[in-house]
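Chain letters run A, B, ... following the sequence lines, proteins first, then strands; residues in each count from 1.
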Protein chains: 2
Amino acid sequence: MYDAKAKVLKALAHPTRLWMTEQLANGERCVCEFVDAVDADFSTISKHLAVLKQVGIVEDDKRGKQVFYKLKVPCILNFMSCVEGVIESQVNAQAALLKK
Amino acid sequence: MYDAKAKVLKALAHPTRLWMTEQLANGERCVCEFVDAVDADFSTISKHLAVLKQVGIVEDDKRGKQVFYKLKVPCILNFMSCVEGVIESQVNAQAALLKK
DNA sequence: TTATCATTTGGTTATTGTGCCAAATACTCA
DNA sequence: TGAGTATTTGGCACAATAACCAAATGATAA
């Protein structure tokens, strides 16, 4: 069970994948839109999306020449405010250390 | 920003670290308790806890010979029900595929 | 101070993840 | 069918991670 959960978290634990996941919260996007936005190879983006798909975070939908991805589990994002909280408290702790 | 968030997620994205984090939700634990429970070397456990500490998920408290760790950000766990949902829907999808 | 216990750190090796390129596939339109 | 566009796949080089062992550190008790 912990293995399965860790896999899902691992899928999210990459800056590009995390960013794409948050983008998908605003609605579906085609692969090409990501490629334009991120400065990376088509294949790199495609592989990242495949990772998200494999664990069930997103799903794809081929329409014409393009493939559209959409977020399957919006609750994923509820978590982010907590993660942001972790980061903020870390930043504050570091700042406090520097002041000493 | 996405880098920072990804780091926090990456810290959680390991079965042992995830398990330890959930254990810490029930109160602080000393390193030795984890070593007894997980079948792994002291050093392995210690390093995992260091990863969690480094990103600010847990904090440590040395008391006498022992070091106690505790969860700094309980909200981390709110997320897990969502992750479990992801897994469940994956399992169902796979089952549906097999039936065909 | 020395012995001992609890934990961390350093080093090594095996495994996994990342990103690019090139080639393959899938679809559409002429 | 053939050309062109969108995406995926395979392969490779390189970086990062994980787990173990051995050695170092820190605290306590004898």
Side-chain angles (χ1 to χ4, degrees), chain A residues 1-21 23-24 27-72, chain B residues 1-24 27-72 97:
Chain A
M1 191 57 194
Y2 288 96
D3 273 36
K5 288 198 244 178
K7 262 184 204 163
V8 174
L9 289 170
K10 205 182 251 185
L12 282 173
H14 185 287
T16 304
R17 291 198 293 267
L18 197 51
W19 176 79
M20 293 198 295
T21 302
Q23 292 305 302
L24 292 176
E28 62 173 22
R29 297 272 184 279
C30 101
V31 180
C32 55
E33 290 178 88
F34 287 131
V35 175
D36 290 345
V38 182
D39 186 32
D41 201 75
F42 261 92
S43 66
T44 302
I45 299 297
S46 176
K47 276 175 186 173
H48 279 312
L49 287 166
V51 170
L52 291 171
K53 182 183 162 189
Q54 215 235 319
V55 300
I57 292 175
V58 305
E59 58 190 349
D60 59 348
D61 179 19
K62 193 164 220 165
R63 292 205 299 274
K65 284 191 270 194
Q66 294 173 321
V67 178
F68 291 85
Y69 279 85
K70 73 177 184 194
L71 195 55
K72 222 166 142 188
Chain B
M1 191 56 193
Y2 288 95
D3 273 37
K5 287 198 242 178
K7 261 184 206 166
V8 174
L9 289 170
K10 205 182 250 186
L12 281 173
H14 185 287
T16 304
R17 290 197 293 266
L18 197 51
W19 176 80
M20 292 198 296
T21 303
E22 293 195 14
Q23 292 305 303
L24 291 176
E28 64 173 21
R29 296 272 184 282
C30 100
V31 180
C32 54
E33 290 178 87
F34 287 129
V35 176
D36 288 344
V38 182
D39 186 32
D41 201 75
F42 261 92
S43 64
T44 301
I45 299 297
S46 176
K47 276 174 187 173
H48 279 312
L49 287 166
V51 170
L52 291 172
K53 180 183 163 188
Q54 214 234 320
V55 300
I57 293 174
V58 304
E59 59 189 348
D60 60 349
D61 179 20
K62 192 165 220 165
R63 293 206 297 275
K65 283 192 269 192
Q66 293 173 320
V67 178
F68 291 85
Y69 279 85
K70 71 178 185 192
L71 196 54
K72 223 168 142 186
L97 278 178

Using only side-chain N and O atoms of A/Tyr69, determine if any of them is under 4.0 Å from OP1 or OP2 of D/dT8. yes
Could you list the residues that satisfy side-chain hydrogen bond (donor to acceptor under 3.5 Å, both in side chains) with B/Ser43, not counting sequence neighbours?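 Per chain and number, B/Ser43 pairs via side-chain hydrogen bond (donor to acceptor under 3.5 Å, both in side chains) with B/Asp41.
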For the side chain of A/Cys32, counting heavy atoms from C-beta on, which of D/dT7, C/dA6, C/dC20 is nearest? D/dT7
Pairing residues for B/Gln54 by the side chain to side chain contact (heavy atoms under 4.5 Å, CB included) criterion, not counting sequence neighbours: none
Mind checking side chain to side chain contact (heavy atoms under 4.5 Å, CB included) for A/Lys5 and listing every partner two or more places apart, or none if nothing turns up? A/Met1, A/Tyr2, B/Leu18, B/Glu22, B/Met80, B/Val83, B/Glu84, B/Ile87
Report all side-chain donor-acceptor pairs from residues 63-72 of chain A shorter than 3.5 Å, counting only partners two or more places apart or in another chain.
residue, atom, partner, partner atom, Å
A/Arg63, NH1, A/Asp61, OD2, 2.7
A/Arg63, NH2, A/Glu28, OE2, 2.6

Protein-to-nucleotide contact annotation, 5' to 3' order, nucleotides 23-30 of chain C [B base; S sugar-phosphate only; - none; under 4.0 Å, heavy atom]: ---SBS--
Sugar-phosphate or base contact per nucleotide [nucleotides 13-18 of chain C; S, B, -; heavy atom under 4.0 Å]: ----SS
Going by ring pair (Phe, Tyr, Trp, His ring centres under 6.0 Å), name the residues that satisfy it together with B/Phe34, two or more places apart in sequence or in a different chain.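 Scan of B/Phe34 (ring pair (Phe, Tyr, Trp, His ring centres under 6.0 Å), adjacent residues dropped) gives B/Trp19.
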Polar atoms only, N or O, under 3.5 Å: list the protein pairs with nucleotides 11-13 of chain D and their distances.
residue, atom, partner, partner atom, Å
D/dG11, O6, A/Lys47, NZ, 2.5

Quick one: disulfide (SG to SG under 2.5 Å) pairs with a partner in residues 41-70 of chain A, sequence neighbours left out?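 Those involving residues 41-70 of chain A do not exist here.
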With sequence neighbours excluded, give me every side chain to side chain donor-acceptor pair (under 3.5 Å) pair touching residues 44-53 of chain A. A/Arg17-A/His48, A/Lys53-A/Asp60
